[in-house]
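Since the structure comes first, as structure tokens, the remarks are kept for the end.
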Amino acid sequence: MIDVRLLRSDLDAVRASLARRGDADLDSLVDTMISLDAKLREITAERDAVRAKVNELSKQVGMLRRDGDAAGAEALQAESRALGETENTLAADHDTMSAKLREVLLVVPNLPHPDSPDGTSDADNPVISGPFLPAGGIDGFAEHQRVPHWEIGTDLGILDSERATKIAASMFTMQRGAGATLARALCQYALDANADAFEEVRPPTLVSTATLTSTGQLPKFADDAYAIERDDLWCIPTAEVPLTSMYAGEVLAQADLPARFMAYSPCYRREAGSAGRDTRGMLRAHEFDKVEILALATPDQAAELLTEMVGRVERLISSLGLHHRVIEICTGDMGQSHHRSFDVEVYAPGCEQWLEVSSVSWFSDYQARRADIRYRPLDADGKPVKGTALVHTLNGSALAVPRVWAAILETNRQPDGTIAVPKVLHPYMRGITVIGG
RNA sequence: GGAACGGUGGCAGAGCGGACAAAUGCAGCCGCCUUGAAAGCGGCCGGCCCACAAGGCCCGGGGGUUCGAAUCCCUCCCGUUCCGCCA
């Protein structure tokens with residue numbers, strides 16, 4: 001969530017910044033926050049004053065008892081008891097008000113970075129790298145590449161959507177044989193490619209409500225997540241969720257930042273809002289595998305890390321021989337928690353579309369405030385500064401399997417209908433260099 | 001799932017109804033001493049709200065008893081050990 005104090009110190013800037021997202025409802029939410037915050041502070045001051053009086057009286061009671069003045073003590077106790085009731089009322093009001101304010105704060109999106117491009121939809125996202133396409137552009141692909149992966153996969157016996165649906169439900173997928181090996185190889189490769197700088201983690205894939213709230217999925221997007229109600233747990237939609245919360249409630253040393261983590265995990269998404277979209281093949285599934293990279297950083301380190309992480313993802317995709325481009329997400333298309341965001345897209349010649357295969361984002365302190373992840377800042381001489389500060393979080397998919405898998409099938413389809421496995425994956429394929437044939 | 005014992009500041013660890021934000025040790029910061037460092041000595045040293053004041057809040061979370069709770073009661077969560085069950 002955003003810092004309420006910004007509403008008091010720099011209201012106009014907050015309004016202007018949120019306005020760039022193009023959501024007309026936000027302005028009235030800001031008004032609500034301001035009035036709740038004002039009331040909350042008023043009640044807090046009142047409650048504190050009453051508490052101070054009760055504390056003072058209680059001290060005196062203790063002293064009078066020690067001195068043997070029972071009657072005097074009784075009198076003060078009665079006075080304090082009466083004040084206690086006032087305090088209870090004020091405390092209850094305070095808690096109600098505070099809960100209301102938090103409710104609003106949890107649904108207000110992050111402020112976009114000044115350099116994030118303005119825009120109202122994905123049509124306004126500028127291409128900042130590429131597109132890297134064959135000669136002739138998207139018309140430059142050969143005829144044998146223009147077959148959608150669901151046909152290729154089914155024909156080669158490496159994709160069995162029909163049985164996946166029978167076992168689970170629609171929009172679940174299943175890879176078989178060399179297809180399953182290819183999926184696992186992609187994960188393995190993505191982990192190895194980032195192992196130079198990121199600690200590998202194997203996190204829980206079921207998490208608590210508090211954890212799913214910290215990263216921004218709850219309360220607003222509860223319908224998009226699978227819930228295990230009996231045990232009050234949720235299936236993670238991405239490893240970002242457990243990785244971000246690893247240090248929730250903790251205070252890190254500045255020397256430990258940036259802290260970098262990567263994780264392979266299955267990801268679960270109900271896709272509640274996407275019924276009927278991309279229902280074929282591997283473009284959209286309820287369960288898929290992904291390797292995530294994530295960093296906790298100081299505010300000063302964040303911008304550079306973002307660039308580094310986008311670069312890593314782009315190089316990884318490029319090394320697989322896929323035709324790609326990098327776009328920056330405009331203010332009107334950014335996710336709720338995002339401060340600045342980039343997508344890497346791959347062109348799939350068979351289904352004839354650009355596929356988002358990675359999204360790398362900087363969340364400023366938005367998630368860290370929800371999760372309460374802080375560090376002890378040092379000054380320029382390396383001496384501790386008083387107090388603590390929130391870290392900045394960044395994360396991105398190093399590699400999301402299904403769409404990359406699909407793009408490889410389509411891009412690497414040979415005239416004879418077989419699939420050439422990208423060279424960088426050979427070490428992970430048990431000797432398979434060509435699928436089919 | 002059952003039983004026992006625990007959960008206190010960056011860490012370790014006292015306190016178990018009244019001046020406790022909390023002893024002590026370690027770590028950290030400042031200074032003295034020293035050519036420098038270590039040792040030693042002196043001082044400082046948790047976080048949060050709020051305007052850096054006053055004041056308030058925080059001893060796993062929540063609730064209760066009381067004039068007053070780190071301390072008593074209830075409840076939940078977590079940890080350790082033992083039992084049960086098991087990949």
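Protein chains get the first letters and strands the later ones, always in sequence-line order, with residue 1 at the start of each.
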*asked:* Between Ser337(A) and Gln367(A), is there a side-chain donor-acceptor contact under 3.5 Å, judged purely by atom types and distance?
replied: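 Side-chain D/A pair, Gln367(A) to Ser337(A): absent.
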With a 3.5 Å cut-off and sequence neighbours excluded, list the donor-acceptor pairs that the side chains of residues 76-83 of chain A form with protein atoms.
from, atom 1, to, atom 2, distance (Å)
Gln77(A), OE1, Arg65(A), NH2, 2.2

Length of the [atom1]-[atom2] vector between [X] and [N], whole Å:
X: Leu252(A); N: C11(B); atom1: CG; atom2: P; answer: 12 Å
X: Gln254(A); N: G10(B); atom1: CD; atom2: P; answer: 18 Å
X: Asp37(A); N: C49(B); atom1: CG; atom2: P; answer: 12 Å
X: Glu87(A); N: G55(B); atom1: CD; atom2: P; answer: 17 Å
X: Leu101(A); N: C49(B); atom1: CG; atom2: C1'; answer: 13 Å
X: Tyr375(A); N: G10(B); atom1: OH; atom2: P; answer: 17 Å
X: Arg5(A); N: C52(B); atom1: CZ; atom2: P; answer: 9 Å
X: Asp256(A); N: C11(B); atom1: CG; atom2: P; answer: 13 Å

*asked:* Counting the atoms with a prime plus P, OP1 and OP2 as sugar-phosphate, which does Thr388(A) contact under 4.0 Å by heavy atoms, base, sugar-phosphate, or nothing?
replied: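 Contact class for Thr388(A): sugar-phosphate only.
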Can you tell me, in whole Å, how much space there is between the [atom1] of [N] and that of [M]?
N: A21(B); M: C57(B); atom1: C1'; answer: 11 Å
N: C72(B); M: C11(B); atom1: P; answer: 23 Å
N: C20(B); M: G55(B); atom1: P; answer: 16 Å
N: A38(B); M: C30(B); atom1: P; answer: 12 Å
N: G64(B); M: A14(B); atom1: C1'; answer: 27 Å
N: C52(B); M: C67(B); atom1: P; answer: 35 Å
N: U75(B); M: G2(B); atom1: P; answer: 13 Å
N: A69(B); M: G60(B); atom1: P; answer: 15 Å

*Mark yes when over 12 heavy atoms from residues, nucleotides or ligands other than Arg15(A) sit less than 6.0 Å from its CZ; otherwise mark no.*
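For Arg15(A), atom CZ is crowded (more than 12 foreign heavy atoms under 6.0 Å).
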_Less than 6.0 angstrom separating the ring centers of Phe363(A) and His339(A), yes or no?_
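So the answer is no for these two rings.
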_Before we go on, tell me: are the rings of His338(A) and Trp362(A) under 6.0 Å apart, centre to centre?_
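His338(A) vs Trp362(A): aromatic centres not under 6.0 Å.
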With a 3.5 angstrom cut-off on both distances, give the Watson-Crick or G-U wobble partner of [N], or none if there isn't one.
N: U66(B); result: none
N: C44(B); result: G28(B)
N: G84(B); result: none
N: C20(B); result: none

*Which nucleotides of nucleotides 57-73 of chain B have their base under 4.0 Å from a protein heavy atom (B), which only their sugar-phosphate (S), and which neither (-), written as one string 5' to 3'?*
S---------BS-----
*Indicate yes or no: does Glu292(A) engage Lys290(A) in a salt bridge with an N to O separation below 4.0 Å.*
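Looking at Glu292(A) and Lys290(A), the cut-off is met.
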*Salt-bridge criterion met for Arg20(A) and Asp118(A) (N-O under 4.0 Å)*: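 Answer for the salt bridge query: yes.
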*side-chain N/O Arg376(A) vs G28(B) OP1/OP2, d < 4.0 Å*: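 No, no such contact exists.
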*Would you name the heavy atoms of Ser116(A) and Met334(A) that are closest together and state the gap between them?*
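Here Ser116(A) and Met334(A) meet closest at OG-SD, 4.2 Å.
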